[in-house]
Amino acid sequence: MTTMTAARPRMKGHPGYRLTADRVPETAQAARRLARVAMAVWGLDDDAETAALVMSELVANAVRHAQGPRIGLAVNRPATRRVYLAVSDRSPGRPPQLRTPEEDAVHGRGLLLIDAIAHRWGYDLLGAGRQPSGKRVWVELTADPMSPAHPIPDATPSRVGLR
């Protein structure tokens, strides 16, 4: 498995992390590790397993439904209480769809799980013009910073789902 990791330059706020990897099931392990490391760096250890689970589900969906040999992973912290997780691929024509699987189905519960734990989630088409070159499926989690030095705003979560 070939991977490439890059830290986003620190401009303002928290550093972000990116990984480019093969679109194979084994990439889920690297995605979980990326999420756990980022959460530890940010002092959000209590939310690390939730972030790892979300990244694993996003990768599983990309492996199962996307096209192309590579996927991009991103973990960012745009605000004190927000963590942004995303997987991008080269399949613009197959946006994620929230469905209820049959009771004995082996697959199909990942987005239901994400919808239950996410502050909000959705997808963006990538590329310019009328011919998108791919998509990014993203999830925002609400995190609880361990440090009392961080202010905690009073915010009511809202679901975005698919736009």
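One is the number of the first residue; the rest follow in order along the sequence.
When all heavy atoms of V83 and A143 are compared, the pair lying nearest together is CG2-CB, 3.9 Å. When all heavy atoms of N76 and W42 are compared, the pair lying nearest together is C-CH2, 3.4 Å. Scanning both residues, A62 and D89, for their nearest heavy atoms gives CB-OD2, 4.4 Å. Residues T20 and R70 come closest through the heavy atom pair CG2-NH2, 3.4 Å. Scanning both residues, V139 and A118, for their nearest heavy atoms gives CG1-CB, 3.6 Å.
L126 and L58 end up in different hydrophobic clusters when Ile, Leu, Val, Met, Phe, Trp and Tyr side chains are linked at under 4.5 Å.
Rounding to the nearest 0.5 Å places CD of E140 at 4.0 Å from CZ of R120. Atom CD1 in I114 sits 6.5 Å away from atom CG in N61 (nearest 0.5 Å). With values rounded to the nearest 0.5 angstrom, I117 atom CD1 is found 8.5 Å from E57 atom CD.
Put simply, the side chain of R77 reaches to within 4.5 Å of the side chain of L44, judged on heavy atoms. Within the 4.5 Å cutoff, side-chain heavy atoms of I71 are placed close to those of T27. The side-chain heavy atoms of L73 and L34, taken from C-beta on, include a pair separated by under 4.5 Å.
The side chain to side chain contact (heavy atoms under 4.5 Å, CB included) search around L125 returns P92, Y123, P132, K135, not counting sequence neighbours. For A86, the side chain to side chain contact (heavy atoms under 4.5 Å, CB included) test picks out A74, Y84, R136, W138, with sequence neighbours left out.
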Acceptor/donor pairs from residues 48-56 side chains to any protein atom, 3.5 angstrom cut, sequence neighbours excluded:
residue, atom, partner, partner atom, Å
E49, OE1, R36, NH2, 3.1
E49, OE2, R36, NE, 2.8
S56, OG, R32, NH1, 2.9

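Using a distance-only test at 3.5 Å, with no hydrogens or angles considered, a donor-acceptor pair links the side chain of R23 to the main chain of V63.
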